[in-house]
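Here the structure comes first, spelled out in structure tokens, and everything after it is commentary.
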Amino acid sequence: MEFAILGPLEVRTRAGNRIRLGGARQERLLAALLLNPGGAVPVPRLVDAVWEDRPPATADRQVRNLAGLLRRAFRKADPTGPPVLLTDGRGYRIPLDDHGLDSRLFADTVARSRRTAAAGQQSAAAAGLRQALSLWRGPVLDGLEGQLIDAGAVPLDELRLTAWEDCLDLDAALGRHRASIPELTGLVADHPLRERFVGQLMRALHASGRTADALTVHRRFTGRLAEELGLDPSPELRRLHLALLTTGVDPTSGPGSDPGSGPGSGGAGPSTGPPAAQPRTAAPSNAGGPGGPADERGGTARAAAIARGGASPDPGTAAAAAEDGRGPRPGVPVPAQLPSSLATFTGRDAELAALDAFAEAAAGVGGKESAPAPGPGGASAARICAVSGSAGIGKSTLVVQWAHRVRGRFPGGQLYADLHGFSAEPPLAPNAVLARFLRALGVPGEQVPSVPEEAAALYRSMLADRRVLVVLDNARSAEQVRPLLPAAPECLTVVTSRAGLAGLTARDGARPLTLDLMPAPDAVALLDRVIGARRARSEPAAVAELASVCGRLPLALAIAASRLAERPGRTVADHVAELRDSGNRLTALAIDDDAASAVRATLDLSYRTLPASARTLFRLLALAPGSGLTAPAAAALCGERVAVVRPVLDQLAGSHLLTHEGGDHYRLHDLLRLYAAERAAAETGRAVRTAARERLGTWYLHHADAAARLLTPHRRRIPLGAPGPWYEPPAFTTAAGAQRWCESEHGRLLGMVRAAAEHGPDALAWRLPVALWSYWFTSPHLEDREEAARLAVAAAVRADDRYGEGHARNDLATALGALGRHDEMLAELRLARALFAAIGDRVGEARAIADLGDHCLGTGAHGQARLHFQGALTLLRAQPEERRDDWAIRVCETNIGVTAMLAGRAREAGEHLHRALDRHRCTGDPVLEGITLYHLGDHHRRLGRPAEAAARLRQALAVLDATTRNPRLRADVLAALAGLGEAAGPPDGQGPPGG
């Protein structure tokens, strides 16, 4: 067995199959044993673990019973495996020599990595510690509470933090200062009084040229330490602070500093004090390449092991410029600042075509003989293109690739700047970029204006007679971009950003181009290109699955492919298996010695820029089942009204951390969902997560109940209780609308049942499937219906709720009957009937009896079926008015007619079915009306009346198409019509009055 306690408790077999335990008591017992790895835990201590200070009188015996249940579960899951739970003296133990435990593996890996570090192998030690930290999926035994569990978690939590500190010290020794800043910022936020993290962040900031920020971190820490604990910092931190003050603020940390310069950027190792400040060195005017370590194009390039550098100008560009009259002045070099394109670039044909169309439209606008393109901004509408998309989607890669393809059209040169809008460094000020561009255009450094407005005016003047391509990469906002936009009609500007930059479209006439995930064939082609076609052809299914596991995100694909390329002996299937473990996927999608290129790091940069309300909502979205949800469901997660939450959803969509799919529908792609779940586990308390899940479950439960009231309006329902004040009623008001809602939410409804079964509460886990019966009754999703019903039964049993168990077993029986598994159906119905009888619920008992009649119909026992229907009908009619179930009564009346028809009593069958049809129509029940019309069609077919049979069947079809459709019944009706063939005659759609 493989046990995992570094997060929610999990048990898996050697084959990787998860074992579901029988309840919270078994989990607490197992947790107590695993917190004492390999050692025996006496029964009294296990009693404390299970019941704490309120054990029952039979606690010792119950502990032994629980141990026996665990043994049986383990033996059933792995019959040939070694023993798992052994009796040892007056207690029990788990022999870990034969089984795995993640906390033990974590401690061993940390110890081994520390020995590696002591031997001077810093890079290997850091990698080992990262591997150990990746074992954590959340807090120790997340979801279980108790003094013993909390006490056992403390040493593991402390070992985790010290391992993290050791790892970051090793990163610093390896010169990875900038890459560690986002991680350290998050750790300091999570552990604000942990001094070692604070010191590490200060050193990393200073080594990255951000001494002022390092001093701010120190000021905040000392203030909080004094306010909350009344303490002063340690002597070590005071010495570090004094060293920073003595050194002075590094000049490269101010606006306009060149990315990549400054202390620590060359990879210098740490010292006892901060490194000395270095003078600023101006970058050459034609320096190319994205600057930030988290730049997604650069990250992909590194992942593919492609060298980057400034692109040389096209041959003959200077001559063309001279002839054209739109190039630089004589003697001034043509700026050619584009970074190198990727040799592994693949796909994006539609996006490249869109950029080509933009360039052609701009050429028409700039030409003297062409009319301006229509649209806001007149001619400018075709001169700016804003390319947006989520982190790692490949915006920079696409634009740089395209820019190289078209650079020959721009004899005036190509200007490029990484604006660091979403980067570990602060966003570049527009004036700093203007200074670089002006120097590249031939303005001596001392003549570059220091006043931003004057610099922008000179920049526009320098470009007035030139045809230049300007690429502004990684922009934070429209305000950062506007001063850098040329005014010349023959210049083109392409901006990339993780934000939507709607302001550029509205005010500056930019054309938006939004990047989505790569199409599956392109994603596979990218993997093929990096790992080699021969290797890809040997495992085509695994390559396709790898593309899926990477979420078709280009950065993730490039990282996964590069890791495979570096390990030629590893199969693609093995790599997929590693990534399939969602707890390690984001950790695995990283490049050794280049943490900034990791998928997690790029997402961190987007996440940290969000306001608090958007970060909170983003974390909560991970708690919703499935990848998509609606705005009302998101509002339920937050406990707010939809009007409050919708703007925040749109803000997340504008930052490309969420995809707006139209209307009220939104989607989180797989890797963003994993990242949101990580942030939720780290930043959102367990109680908050639990409350959010319960609100969402309550929202789905009441919406399902509202749908049921429209689908089967006269059927008696289970009591639900009132939802919270945040709840808003559903938008659907008809049976057809309710059916459409259920179908559109089908996957999320089943996911909600699964989530409630896993996380609780049990009351929701059985109530939601029961409330959904009216939808399941007509749904074609028979296997899902069975699964939901089984989860409902298990939840009701855990809660010791016999009322709920009776309903859940009855619903499970009807699901099994629909699947044709009549023996299992009969067993569940007998249990349901006994449960209802024991609690005195006569309506529930009558339903179970009526369903026994359905079972008999399915097995051909028509006479026995009739007795069951009549017995149920008698019991139902005997109930007081306030407890009657009119819908169940009419179902029984209809089914008595069906039994008469199947028994050959034609006259009696016709009377019952016609009477039932009239009642269904009077009460406005299209579900039972359609069913009864179908049976009447069958009745006429048996009597040799094909025209009347066809007429009734067409009436049934009309009712179904106008209301709930009932896919399964509709298929039966169409099959019956097809069976009638030519005997049915022309489709007049009418039958004789009353049949």
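Predicted model, so just to flag it, every value in this text is computed and none were measured.
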Is [X] reaching over with its side chain to a backbone N or O of [Y], donor-acceptor style, under 3.5 angstrom?
X      : Y      : answer
His862 : Ala900 : no
Ser779 : His781 : yes
Asp801 : Gly804 : yes
Glu728 : Val642 : yes
Arg641 : Pro725 : yes
His914 : Gly910 : yes
Arg673 : Gly626 : yes
Arg809 : Glu828 : no
Glu640 : Ala636 : no
Ser655 : Gln651 : yes

Report yes or no: do [X] and [Y] form a side-chain donor-acceptor pair below 3.5 Å?
X      : Y      : answer
Tyr700 : Asp705 : no
His703 : Tyr727 : yes
Asp784 : His746 : yes
Arg619 : Thr684 : yes

From Arg970 CZ over to Thr778 OG1, what is the distance, rounded to the nearest 0.5 angstrom? 13.0 Å
Quick one: CD1 on Ile896 to CD on Gln870, what's the gap to the nearest 0.5 Å? 5.0 Å
So do the side chains of [X] and [Y] get within less than 4.5 Å of each other, counting heavy atoms only?
X      : Y      : result
Pro761 : Leu764 : yes
Leu953 : Leu933 : no
Leu668 : Phe618 : yes
Trp887 : Cys892 : no
His939 : Leu943 : yes
Pro625 : Leu696 : yes
Leu876 : Arg847 : no
Thr814 : Leu829 : no

Show your reasoning for whether side-chain contact (heavy atoms from CB on, under 4.5 Å) applies to Asp925 and Leu928. CA-CA 6 Å; Asp925 191 333; Leu928 292 184; 3.6 Å; yes
How are the rings of [X] and [Y] set to each other: parallel, tilted or perpendicular (split at 30° and 60°)?
X      : Y      : result
His807 : Trp766 : parallel
Phe777 : Trp773 : parallel
Trp699 : Trp741 : perpendicular

Determine, for [X] against [Y], whether the closest basic-nitrogen to carboxylate-oxygen distance falls under 4.0 angstrom.
X      : Y      : result
Arg842 : Glu845 : yes
Asp841 : Arg716 : yes
Arg915 : Glu911 : no
Arg18  : Glu758 : yes
Arg905 : Glu908 : yes
Arg790 : Glu824 : yes
Glu787 : Arg754 : yes
Arg740 : Glu743 : no
Arg715 : Asp886 : no

Run the numbers on Thr630 and Tyr666 for side-chain contact (heavy atoms from CB on, under 4.5 Å), then give the verdict. CA-CA 6 Å; Thr630 61; Tyr666 297 82; over 6 Å; no
Could you give me the CA-CA distance, side-chain angles and deciding distance for Ile849 and Phe869, then say whether side-chain contact (heavy atoms from CB on, under 4.5 Å) is met? CA-CA 7 Å; Ile849 294 171; Phe869 291 133; over 6 Å; no
Looking only at non-hydrogen atoms, find the nearest pair between [X] and [Y] and report the distance.
X      : Y      : value
Leu711 : Ala738 : CG-CB, 4.3 Å
Ala765 : Ala757 : CB-N, 3.8 Å
Tyr934 : Val973 : CD1-CG2, 3.8 Å
Ala704 : Leu772 : CB-CD2, 3.7 Å
Gly897 : Ala909 : O-CB, 3.6 Å
Cys856 : Gln864 : SG-CG, 3.7 Å

Sort out for me which residue in His935, His912, His920 forms a side chain to side chain donor-acceptor pair (under 3.5 Å) with Thr894. His920
Show your reasoning for whether salt bridge (charged side-chain N to carboxylate O under 4.0 Å, His left out) applies to Glu893 and Arg877. CA-CA 12 Å; Glu893 290 173 343; Arg877 286 172 174 167; 2.8 Å; yes
What's the verdict on side-chain contact (heavy atoms from CB on, under 4.5 Å) for Leu620 and Leu623, showing C-alpha distance, side-chain angles and the deciding distance? CA-CA 5 Å; Leu620 292 180; Leu623 305 178; 3.9 Å; yes
Arg821 CZ: over 12 foreign heavy atoms closer than 6.0 Å: yes
Taking everything shown except Arg717 itself, do over 12 heavy atoms lie less than 6.0 Å from its CZ? yes
Using the side-chain hydrogen bond (donor to acceptor under 3.5 Å, both in side chains) rule, take Tyr675 and Asp670 through it: C-alpha gap first, then chi angles, then the decisive distance, then the call. CA-CA 9 Å; Tyr675 178 75; Asp670 288 351; over 6 Å; no
Derivation of the salt bridge (charged side-chain N to carboxylate O under 4.0 Å, His left out) call for Arg785 and Asp811: CA-CA 9 Å; Arg785 177 183 176 186; Asp811 288 0; over 6 Å; no
